[in-house]
Each structure stands twice: as structure tokens, then as C-alpha cells.
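Worksheet: the structure to be examined is printed underneath.
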Amino acid sequence: MNYLETLNPAQLDAVKNIDGPTMVIAGAGSGKTRVLTFRIAYLMEKGIDPFNILSLTFTNKAAKEMKERISSIIGSTEAKNLTMGTFHSVFARILRHHADKIGYPQNFTIYDTQDSRSLLKTIVKELKLDEKVYKPSMVQGRISSAKNNLISAVAYESNSDIVNEDRQSGRPRVFEIYKAYEKRCKLAGAMDFDDLLYKTNVLFRDSPETLHFYQHRFKYVLVDEYQDTNYSQYLLVKKLAAVFQNVCVVGDDAQSIYSFRGANIQNILNFKTDYPDHNVFKLEQNYRSSQTIVNAANSVIAKNKDQIQKNVWTSNDVGSKIKVLRTLTDNEEGKLIANQIFETKQNEGAENSDFAILYRTNAQSRSFEEALRKLNLPYKIYGGLSFYQRKEIKDIIGYYRLTANPQDEEAFKRIVNYPKRGIGNSTVEKLVVAANHYGVSLWEVAAEPQKYPTELNSGTRNKLNQFVTQIKSFAVDLERKDAYTLAQHIAVTSGILKDHYADKSPEGVARYENIQALLAGIKEFTTNVSDGETNFLSDFMVDVALLTDADSEKDEDKNKVSLMTIHASKGLEFPYVFVVGLEENLFPSQMALNSRTELEEERRLFYVAITRAEKNCTLSFATSRYRWGNLITSESSRFIEEINPEFLEVSTPYRSGGRSLNQTNLENKTRTPTTYAPNGPKRRLTKLQDAPKKSKDGDTADKLDLKVGYNVMHERFGKGKIVALEGTPPSKATVFFPKAGNKQLLLKFAKLEVL
DNA sequence: CTTGCAATGACTGAT
DNA sequence: TCATTGCAAG
């Protein structure tokens with residue numbers, strides 16, 4: 001029982017009230033994962049069979065870590081029987097067991113985003129629609145959100161609201177694409193990510209006995225990150241918990257950042273009406289961050305209208321202020337932050353793994369990679385293009401997929417002419433025409449020429465037959481040889497390995513090594529399979545589409561600087577955090593400026609970013625950056641202004657070009673950022689730090705004598721009138737803009753001109 | 001059918 | 001900037 005002693009009263013309540021519907025509202029850093037872990041351990045200690053517990057997490061990595069922690073408390077033999085994983089992986093497994101009940105093969109393929117996009121592209125072409133109008137990404141988005149709201153293609157077509165929406169946006173035929181897409185996926189024995197949830201709902205609807213089975217199996221259901229569940233997921237949880245009502249959801253509305261994936265913040269609010277007889281526990285004490293960080297984050301999130309009231313606090317030290325760094329370019333931003341990491345490591349004895357650089361978009365990683373590389377600082381990029389999405393890996397997995405499920409259209413198209421065997425585009429076109437004509441898959445047309453005649457000349461026909469024979473020969477071994485033996489055999493026989501071995505360019509060598517790494521992974525899978533399970537290649541393929549890099553973190557990646565998007569950083573924490581690229585149109589994203597709700601989501605994202613930090617948080621922005629190869633100027637993010645300035649420390653380090661070398665060195669060594677305190681000592685930062693430069697900088701404010709009532713001009717908001725000033729000298733102003741309403745501006749950043 | 005070059009559009013976010 | 005696509009020539 002000693003593990004319980006480490007909990008505070010609120011946490012203990014949340015752990016020990018195991019029966020009935022429970023909602024835990026957990027502020028950032030409040031020990032949410034611990035509560036969830038201990039609650040499961042506690043359940044097991046109370047005699048609940050782990051077989052009866054279902055725990056849904058946001059990432060497989062989180063599931064794995066939780067399982068390990070529970071193992072260390074309760075013991076691994078018991079913990080093994082827990083069902084724990086992401087919605088997608090758990091329900092994918094359930095679907096495999098019952099695929100026949102919804103007309104799918106047990107070996108169904110999981111289409112990843114690329115696969116489904118490529119299929120949508122071909123459909124748009126086949127329907128002779130304009131690819132500019134029906135952009136695959138757009139259509140994909142429409143279909144995805146339909147599925148997440150459990151709207152089938154037929155329902156989509158007959159839903160007048162949706163159809164009208166499409167019509168008004170000039171895309172009246174989306175429903176046709178959806179219909180064709182649904183049909184083709186079915187024909188290919190394939191499900192996309194959204195299908196894994198959607199089809200499970202279908203399964204539970206159409207097979208009451210299956211639902212009944214799982215309702216009674218999962219007597220206790222726990223859901224992490226509940227604020228990021230969509231309707232489809234919400235309904236699955238509701239159905240599963242309908243009998244015993246032992247459902248525990250954990251979340252924080254302030255950290256809801258996945259509405260683009262259909263996540264519905266309302267799910268948290270619905271909980272109270274769905275389960276009138278529920279308990280709510282609020283975890284408000286933050287154990288992660290310094291007071292400064294907690295308070296700064298609170299001051300930001302307070303600007304949001306939609307939120308559940310809570311008071312996140314901490315008894316940790318006050319800590320240092322949040323640094324704000326302005327740089328000239330994105331490259332300089334990279335250099336400066338790499339330098340800071342280098343210095344902090346020396347001065348404070350920090351490890352590489354203590355640092356994280358968080359950005360809004362994946363494309364921003366480059367400047368940091370370069371700078372870190374120059375200083376020999378090892379780093380690891382999370383997310384972005386994952387291992388399994390690399391071309392060479394997708395190619396070889398294409399063979400495995402087609403071997404396991406020959407109907408898989410996307411795999412077929414990917415490998416039918418790779419390595420080159422003289423089956424080009426026009427051949428595939430002919431096959432597609434025939435397949436559509438007969439209503440069968442590409443494979444069937446290719447494999448049964450007598451049954452489905454095509455206009456292929458005998459030469460091509462021969463090549464195609466060879467290909468078919470080869471895949472068939474692989475399929476024979478599917479349940480006779482273990483995964484590794486077959487995988488290796490395919491890699492060699494298909495000629496893929498040879499193809500890459502021949503390429504001696506650095507990239508070619510890397511690709512070859514990646515394939516070897518994949519094979520090594522399959523070997524490990526083959527030998528590590530637990531008892532009662534088989535180790536065939538099809539077993540390995542089960543959820544390979546769902547794996548991400550985070551799932552396969554290697555030991556050598558342990559002590560590295562972390563680079564990732566803020567989305568990917570959810571649930572993580574680091575002593576030193578750099579939130580970079582804080583510029584208007586980048587963060588907040590340009591796409592989010594249209595509505596309040598979207599802007600509020602960006603703000604929650606910013607909140608998540610700040611609250612990852614334990615000791616130290618630095619915000620940075622560049623006044624110009626490269627985008628699509630050309631330099632664009634940018635303005636600091638409104639989010640910086642939204643932090644209560646008493647928590648900020650603004651420093652403008654040396655920038656190349658404006659000074660003599662002497663000053664450079666001096667400045668670099670003794671870069672002492674001046675504290676920015678509205679009421680504090682009247683130290684002027686601008687003159688110290690900003691060498692006179694060509695452009696009028698943010699130092700305008702200090703030269704100006706601002707008074708309430710003055711008419712001023714702002715770059716973004718246009719003309720306005722000062723309503724109020726704070727601090728001596730004034731540091732913050734409330735200005736009324738006819739175009740934008742009242743705005744609170746940090747004079748350090750707002751470029752105000754007196755009119 | 002393949003190759004090579006020019007043109008083009010993509011940068012929110014991720015299971 | 002980078003990857004994908006379209007087109008002409010071999």
C-alpha cells in the first residue's frame with residue numbers, strides 16, 4: 001500500500017473511488033498519469049482481474065510506460081493481462097477477431113494517411129473531377145470528420161446540411177468520392193485510421209452479442225486525455241461502459257488540442273449528463289513547474305472563454321522568469337538556442353535530454369538541426385516522417401501487405417513495378433479499368449486473366465504472371481515460416497535488397513540500413529513473441545501501420561535534445577523548454593485566425609507548450625524567416641503579449657552585422673538580459689542591447705512619451721486610442737482599435753507610433 | 001516503358 | 001526548399 005502514501009488527498013480520492021462513473025479534471029503537471037497508474041494498480045489490489053480492465057491512452061508509448069509502472073507495483077505476470085493501448089490499436093485488435101461479422105477479412109490492411117490519400121487521388125481522377133477543386137487533403141478531411149461523427153457515405157449523401165455545405169463551397173460531388181472510397185476500401189479489404197473506430201461502432205451495433213461480450217469483459221474502463229476524444233471514440237466508451245458504468249475519464253479541457261482530428265471538447269461536459277451519478281475530482285496542484293511558469297501559463301489560458309474553472313497552483317520555487325528572445329532570422333534563432341543549450345549544459349551541468357525545442361510546425365525543425373549539429377549536440381526529432389513512412393520501408397512493407405492481403409490495392413500499385421519489371425503506368429491503368437468494370441480488385445484481374453480478360457499484350461501479360469506467381473509463392477509460406485524467415489526471403493527474392501545494395505550514395509546506404517533495421521525489428525518480434533501467440537509475418541503486420549517512432553525508442557536515443565511539435569509534446573516534461581517561432585501567422589497559425597474557437601485552440605496549444613517546462617522556459621521569435629525558399633518578415637506573436645509581463649524577461653542578444661568584434665565577444669560572454677519589471681528599477685534595455693540598426697525596432701516605445709488618450713498607429717490593428725497604461729515607465733497599454741476592439745499590448749513588442 | 005528535366009505546389013497538427 | 005507531377009525523348 002505504500003505507493004498510495006505518495007499521493008495528495010485529491011489524488012488519493014481519485015485513485016480510491018473505483019466504482020461508478022468518475023471524471024478526473026487534471027491540470028497540467030498535476031500527476032495525472034500517476035493517478036491513472038495507481039488507480040489501475042489499486043483496482044488489481046482490490047482483486048479485480050486485470051483481464052477485466054481496459055485502459056485507453058493517447059499514445060502506445062504512454063500505454064507501455066504505464067504498464068511498466070504497474071508491473072513494478074503489482075508484478076508483471078498480472079499486468080500482462082491488462083488491455084492497454086490507444087483507441088486505434090485496441091479496437092484494431094478487436095476488429096481482427098470479429099472482422100467476418102462486418103464483412104472484412106481477418107487479414108484486413110490498415111491504410112495509413114498516405115495510402116488513403118493516394119486512393120482518393122485515383123478516385124478523383126476516375127470521376128474526371130478537377131484535382132485543384134477536389135484536393136485530396138480536403139476530401140480526406142471531409143470524409144474523416146464524417147466518419148468521426150459516424151456518418152456513412154450513404155448518410156452523407158442524404159444529409160442536406162452537409163451536402164449544402166459542399167455545394168456552397170463549390171464541391172458538390174464530395175459524396176460521390178466518399179461513396180467510391182468506401183467501396184474501394186471494402187474491396188481492398190482495407191480500413192483507414194478512422195475506420196478502426198467507425199467499424200468498431202458498426203460491429204457493436206450490428207452484433208449485439210459481440211458488444212455484450214466486451215461489455216462484460218471490460219468491467220472497468222479508463223480513458224486518458226478524454227478532452228481529445230471524438231464522437232466515435234466517445235460512443236465506444238459509452239457503449240462499453242453501459243452495463244457496469246465503471247468508467248473513469250481523465251482529462252484537462254485546457255489541453256484540448258486535437259479538434260482538427262474531430263476531438264470534441266464537449267465530451268467532457270457531456271459526461272455529467274450522461275452519467276448523472278458521477279464523481280468529479282479536480283487535481284489542481286502542479287508538481288512539475290516553477291511558480292513563474294505555472295502563473296504565466298495561467299495568465300495565458302485565462303484569456304479563453306470556453307473552459308472549466310480550476311485553479312492550478314504549485315508550491316515549487318518561484319524559479320526564473322520566462323525569457324523572450326528576439327532574433328533576426330530563423331537560422332539565427334537556431335544558432336542562439338543551440339548556444340544556450342551548450343552554455344546551460346556547461347554552467348548548470350544539465351544533460352542533453354533535459355532540453356526540448358518545441359515548434360508549431362514540423363517544417364521548423366531544420367534550422368535547429370543544423371545549429372545543433374554544428375555544436376555537436378546530439379538530438380532526436382519526434383514525429384515528422386516516421387520510420388515506417390519512409391519510402392524504402394513502405395516499399396518492402398508493400399510486399400508484406402500484398403502477401404498477407406492480396407486485395408490491398410495501394411500495396412499492389414506501389415510494388416507491381418518496383419523493382420522495375422516493365423509493368424508501367426499504362427498497364428496498371430488497363431488493370432484498373434478492368435477491375436472497375438468487373439467490380440473486383442486489381443489482384444483478381446491480374447491473377448485470373450481467363451476470368452477477367454484484359455487487353456494486355458502477351459509480353460506484359462507474362463511479366464504480370466511472374467509477379468503474381470511470386471506473390472503467391474510468398475503467401476504459401478505465410479503460415480509455414482516465421483515472420484523473420486519470410487520477411488528476409490521476400491526482401492531477397494523481390495530484388496529490393498539488391499536494388500538498394502547497389503546504390504552507394506550516402507542516401508542509398510542509409511536506405512539499405514533502414515531496411516536492415518526493419519528486418520532486425522522483425523527478427524526481434526519473431527523471437528520475442530509471448531506464449532499463446534504465433535509469430536507469423538501476418539502477426540507482425542497487424543498494427544505496423546499504427547506504430548510511430550516514439551514506440552520504438554532506442555537506448556542510444558536516450559540522452560539527446562528533443563525536437564518536436566507541441567502536439568507531440570503532450571504529456572511530456574523537460575527541465576528546459578524552448579518554445580520557438582512565436583510569430584503571428586505561424587503561432588497562432590494563419591489558418592486559425594478566422595474564428596474565436598480556433599484561436600482558443602491555438603492558445604491552449606501555447607498553454608501546453610509552456611507547461612511542459614519544469615525549471616526554465618524560453619520563448620523565441622524571428623523577425624524574418626524562410627518560407628518556401630523566400631524570406632518573409634514576421635511580427636511577434638500575440639501570445640507573448642498575453643503573458644502577464646511580470647513573468648517575462650526580455651532580452652535581445654547580439655545580432656551579427658551591427659557591431660565591432662570586440663563588442664561581440666563582450667556581449668556574448670556577459671549577455672545579461674535585463675529584467676523586465678513594470679514597476680521595478682528603471683533600467684533601459686533597449687539602448688544596451690540594440691545597436692542602432694537600419695530598421696526602427698521595438699525600442700520605439702521607450703522613446704515615446706505615451707499618455708492615456710493619445711492616438712496611436714499599430715502595424716496590424718491600424719489606428720487606435722490609448723485607454724490605459726500600466727507601469728512606470730509604461731510597459732503595457734490597453735488600446736482601443738476601431739477595427740479590432742480593445743487590445744492589451746506589451747510596448748516592448750507593439751510597434752506603436754504616436755499620431 | 002523508362003529516363004530526365006522543367007514546372008509546380010506544399011507548411012498546421014497525427015493515430 | 002523539397003518532393004511530386006507532367007511531358008518529351010530514347
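No experiment lies behind these values; they were computed from the predicted model shown. Order of the sequence lines sets the chain letters (A, B, ...), proteins ahead of strands, with each chain counted from 1.
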Answer yes or no for A:Lys199 and A:Tyr104: cation-pi contact, defined as NZ/CZ to six-membered ring centre under 6.0 Å and angle to ring axis within 45°. no
May I ask you to check if A:Lys61 and A:Tyr382 form a cation-pi contact, with NZ or CZ under 6.0 angstrom from the six-membered ring centre and within 45° of the axis? no
Trace of the side-chain hydrogen bond (donor to acceptor under 3.5 Å, both in side chains) decision for A:Asp499 with A:Tyr418: CA-CA 10 Å; A:Asp499 198 59; A:Tyr418 178 81; 3.3 Å; yes
Once you apply a heavy-atom cut-off of 4.0 Å, does A:Lys132 come out as touching a base, just sugar-phosphate, or nothing? sugar-phosphate
Protein N or O to nucleotides 3-5 of chain B N or O, pairs below 3.5 Å:
none

Side chains of residues 257-265 of chain A: which donor-acceptor partners sit under 3.5 Å, not counting sequence neighbours?
{"residue": "A:Ser259", "atom": "OG", "partner": "A:Glu601", "partner atom": "OE1", "Å": "2.7"}
{"residue": "A:Ser259", "atom": "OG", "partner": "A:Glu601", "partner atom": "OE2", "Å": "3.2"}
{"residue": "A:Asn264", "atom": "OD1", "partner": "A:Gln266", "partner atom": "N", "Å": "2.9"}

Could you list the donor-acceptor pairs under 3.5 angstrom formed between side-chain atoms of residues 87-96 of chain A and any protein atom two or more places apart in sequence or on another chain?
{"residue": "A:Ser89", "atom": "OG", "partner": "A:Asn60", "partner atom": "OD1", "Å": "3.3"}
{"residue": "A:Ser89", "atom": "OG", "partner": "A:Thr86", "partner atom": "N", "Å": "3.3"}
{"residue": "A:Ser89", "atom": "OG", "partner": "A:Thr86", "partner atom": "O", "Å": "3.4"}
{"residue": "A:Ser89", "atom": "OG", "partner": "A:Thr86", "partner atom": "OG1", "Å": "3.1"}
{"residue": "A:Arg93", "atom": "NH2", "partner": "A:Asp543", "partner atom": "OD2", "Å": "2.6"}
{"residue": "A:Arg96", "atom": "NH1", "partner": "A:Gln106", "partner atom": "O", "Å": "3.2"}
{"residue": "A:Arg96", "atom": "NH1", "partner": "A:Phe108", "partner atom": "O", "Å": "2.7"}
{"residue": "A:Arg96", "atom": "NH2", "partner": "A:Phe108", "partner atom": "O", "Å": "3.2"}
{"residue": "A:Arg96", "atom": "NH2", "partner": "A:Val542", "partner atom": "O", "Å": "2.8"}

Taking the six-membered ring for Trp and the full ring for Phe, Tyr or His, determine whether the centres of A:Tyr214 and A:His98 are under 6.0 Å apart. yes
Nucleotide by nucleotide, 5' to 3', does protein get under 4.0 Å of the base (B), only the sugar-phosphate (S), or neither (-) in nucleotides 10-15 of chain B, counting heavy atoms? BBBBBB
Is it true that A:Thr229 and A:Asn267 share a donor-acceptor pair across their side chains at a distance under 3.5 Å? yes
Once base and sugar-phosphate atoms are separated, protein heavy atoms under 4.0 Å mark nucleotides 2-10 of chain C, 5' to 3', with B, S and - as ---S-----
Do the charged groups of A:Lys32 and A:Asp224 touch, with an N to O distance under 4.0 Å? yes
Just jot down the salt bridge (Lys or Arg N to Asp or Glu O under 4.0 Å) partners of A:Arg171, sequence neighbours excluded, or say none. none
Taking atom OH as the centre, does A:Tyr231 end up with more than 12 heavy-atom neighbours from other residues, nucleotides or ligands that are less than 6.0 angstrom away? no
Would you indicate what A:Asn417 reaches in the nucleic acid, counting non-hydrogen atoms under 4.0 angstrom: base, sugar-phosphate, or nothing? sugar-phosphate
